[in-house]
Amino acid sequence: MIGDTMTLLSLLGRIMRYFLLRPETLFLLCLSLALWSYFFHTDEVKTIVKSSRDAVKMVKGKVAEIMQHDRFGLDLSEAEFSKSWELKSPGAAVYAIQGRRDHMEDRFSVLTDPVNRSHPSIFGIFDGHGGEAAAEYVKTRLPEVLKQHLQNYEREKENSLLSYQSILEQQILNVDKEMLEKLSATYDEAGTTCLVAMLSDKELTIGNVGDSRGVLCDKDGNAIPLSYDHKPYQLKERKRIKKAGGFISFNGSWRVQGILAMSRSLGDYPLKKLNVVIPEPDVVTFDLDKLQPEFMILASDGLWDAFSNEEAVRFIRERLDEPHFGAKSIVLQAFYRGCPDNITVMVVKFKKSGSKAAEQ
């Protein structure tokens, strides 16, 4: 009897080893257990799946809410995305956001003379990098220095060999020299772009260093470039850098010495020492009577990463009746398009005659 029992157990053992330990049998067994656990036993799994679905619905709702904020002109800070700065006056408006960056390094300046409106108005955009020090210094120092020299020029212009262009160029270079001495003494490697517009009754003078950009809308709605970006890949800039013993390489974008994504700037003392980055501005003057402009846009490259000149002009032209002349709307739109940078936009409206900006 005992022998018969042992023989039966031995047979059952061989059957189990043959059928249950086969790979395909184990796979089916595990799959069956998993399905049974999901449908009948494991409430935690169901909870996780339900929570994931709820999370997706919540995100969709949040996106819809943010788009509503944009549509109805609510502050970006209300959407809990970013800090914002703004300025509004009868003739100019600025809207700026920190965006997706950890720090706000953009700066802007609007300087007018309400007592003597014959003096040129000064508008500036300064996009810092490597810290805030350079942009803050230029924003604080350059407009005041320009104001002093322009007032002197107005008093003596009949006997002066200077011009708005020469004053703007020289003072940009002077401020850069001053700043380099201060920042290099503390080993501060910060730098900044410099886009400055000087507006008088008949002329608009623009000075540009770096890749902030200005564009003007003429009487026919055409986009007229006021400046051109200083980028390392441009033939003229590339030749100059190579002649100075430097190089450019691609690291997300073309960069001088593999570091700086622009070929001209203020500050950046280590690259200035190598003479591969220079502070010389491009300065141009426009005849307002010929152009009869409606408005101009001055902005940091955060805007231009998301908008072309023509698209920005069309966008603003349709929104000039908004409180910020469309500056706020276009900043938010650039953010929604995925711009990862700080974004600062200034819109300056001109009088209907086209000769000078609206009253500041």
task = Given salt bridge (charged side-chain N to carboxylate O under 4.0 Å, His left out), test Arg240 with Glu237 step by step and report yes or no.
result = CA-CA 5 Å; Arg240 179 187 58 75; Glu237 299 295 285; 3.3 Å; yes
task = Could you give me the CA-CA distance, side-chain angles and deciding distance for Leu226 and Ile297, then say whether side-chain contact (heavy atoms from CB on, under 4.5 Å) is met?
result = CA-CA 9 Å; Leu226 299 177; Ile297 306 169; over 6 Å; no
request  = With side-chain contact (heavy atoms from CB on, under 4.5 Å) as the test, would you mind laying out the steps for Lys349 and Glu294 before giving the verdict?
outcome  = CA-CA 6 Å; Lys349 287 177 64 175; Glu294 292 186 30; over 6 Å; no
ask   = Please walk me through it: do Asn174 and Glu178 pass side-chain hydrogen bond (donor to acceptor under 3.5 Å, both in side chains)?
value = CA-CA 6 Å; Asn174 287 346; Glu178 291 176 10; over 6 Å; no
query = Would Glu86 and His324 satisfy side-chain hydrogen bond (donor to acceptor under 3.5 Å, both in side chains), going step by step from the backbone distance to the final call?
reply = CA-CA 9 Å; Glu86 62 184 289; His324 293 83; 2.7 Å; yes
task = Check step by step if salt bridge (charged side-chain N to carboxylate O under 4.0 Å, His left out) holds for Asp287 and Lys202.
result = CA-CA 6 Å; Asp287 187 325; Lys202 301 295 183 181; over 6 Å; no
inquiry  = Apply side-chain contact (heavy atoms from CB on, under 4.5 Å) to residues Ile330 and Leu303 and explain how you reach the verdict.
reply    = CA-CA 8 Å; Ile330 201 170; Leu303 175 70; 3.7 Å; yes
task = Tell me, with the steps shown, if Cys217 and Ile316 meet side-chain contact (heavy atoms from CB on, under 4.5 Å).
result = CA-CA 9 Å; Cys217 177; Ile316 292 296; over 6 Å; no
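Cation-pi geometry between Arg155 and Tyr153 is not satisfied (NZ or CZ under 6.0 Å from the ring centre, within 45° of the ring normal). With a 6.0 Å cutoff to the six-membered ring centre and a 45° limit on the axis angle, Arg314 does not count as a cation-pi contact of Phe307.
Residues Val256 and Ile259 fail the side-chain proximity criterion, which asks for heavy atoms closer than 4.5 Å. Contact check for Ser253 versus Arg255: side-chain heavy atoms found under the 4.5 Å cut-off. Residues Ser109 and Phe123 form no side-chain contact, since every pair of their non-hydrogen atoms from C-beta on lies 4.5 Å or further apart. Counting heavy atoms from C-beta on, the side chains of Leu111 and Glu144 come closer than 4.5 Å. The closest side-chain heavy-atom distance from Asn208 to Cys194 is not below 4.5 Å. Counting heavy atoms from C-beta outward, Trp85 and Phe108 have side chains that approach closer than 4.5 Å. Put simply, the side chain of Met296 reaches to within 4.5 Å of the side chain of Leu204, judged on heavy atoms.
When hydrophobic clusters are built by joining Ile, Leu, Val, Met, Phe, Trp and Tyr residues whose side-chain heavy atoms come closer than 4.5 Å, directly or via intermediates, Val209 is not grouped with Trp254. Cluster annotation: Trp304 is connected to Leu332 through the hydrophobic network of ILVMFWY side chains, with a link wherever side-chain heavy atoms come within less than 4.5 Å. Met346 and Leu288 fall within the same hydrophobic cluster, defined by Ile, Leu, Val, Met, Phe, Trp and Tyr side-chain heavy atoms under 4.5 Å apart, directly or through other members. Cluster annotation: Ile125 is connected to Phe286 through the hydrophobic network of ILVMFWY side chains, with a link wherever side-chain heavy atoms come within less than 4.5 Å. Residue Ile122 is grouped with residue Leu142 when hydrophobic side chains (ILVMFWY) are merged at heavy-atom distances under 4.5 angstrom, including chains of intermediate members.
In this structure, the separation between CG on Asp127 and CG on Asn342 is 6.5 Å, given to the nearest 0.5 Å. To the nearest 0.5 Å, atom OG of residue Ser184 and atom NZ of residue Lys273 are 6.5 Å apart. Atom NZ of Lys290 is separated from atom CG of Asp218 by 14.0 Å, given to the nearest 0.5 angstrom. Atom OG of Ser200 and atom CD of Glu203 lie 5.0 Å apart (nearest 0.5 Å). Rounded to the nearest 0.5 angstrom, Ile206 CD1 and Leu298 CG are separated by 6.0 Å. Between the CE atom in Met198 and the CG atom in Leu150 there is a gap of 5.0 Å [rounded to 0.5 Å].
Annotation for Tyr228: atom OH does not count as buried by contact number, only 12 or fewer foreign heavy atoms lying within 6.0 Å. In the displayed structure, Lys219 atom NZ is contacted under 6.0 Å by more than 12 heavy atoms of other residues, nucleotides or ligands. The environment of OH in Tyr187 is sparse: at most 12 heavy-atom neighbours from other residues, nucleotides or ligands sit within 6.0 Å.
The main-chain N or O of Phe247 is found under 3.5 Å from a side-chain atom of Gln257 such that the two form a donor-acceptor pair. In terms of modelled atom types and a separation under 3.5 Å, the side chain of Ser166 and the main chain of Leu162 share no donor-acceptor contact. Side-chain atoms of Arg107 come within 3.5 Å of backbone N or O of Met104 as a donor-acceptor pair. Distance alone, capped at 3.5 Å, is enough to place a donor-acceptor pair between the Lys272 side chain and the Ser265 backbone. At distances below 3.5 Å, at least one donor-acceptor pair connects side-chain atoms of Arg238 with backbone N or O atoms of Tyr233. Between the side chain of Asp301 and the main chain of Ser212, no donor-acceptor pair closer than 3.5 Å is present.
There is a side-chain donor-acceptor pair under 3.5 Å between Ser329 and Glu322.
For the side-chain contact (heavy atoms from CB on, under 4.5 Å) with Thr192, the lone residue among Leu266, Asp268, Asp106 that qualifies is Leu266. Under the side-chain contact (heavy atoms from CB on, under 4.5 Å) test applied with Asp176, the options Leu180, Leu173, Ile172 reduce to a single match, Leu180. Of the listed residues (Ile167, Val196, Leu168), just one forms a side-chain contact (heavy atoms from CB on, under 4.5 Å) with Thr205, and that residue is Leu168. Applying the side-chain contact (heavy atoms from CB on, under 4.5 Å) test between Asp229 and each of Arg264, Arg213, Met262 identifies Arg213 as the sole match.
Residues Phe325 and Phe295 place their aromatic rings such that the two centres sit no closer than 6.0 Å. Between Tyr137 and Phe126, the ring centre distance reaches or exceeds 6.0 Å.
In this structure, Val138 and Pro143 approach most closely via the heavy-atom pair O-CD, 3.4 Å. Of all the heavy atoms in Gly258 and Asn251, the pair that sits closest is O-ND2, 4.0 Å.
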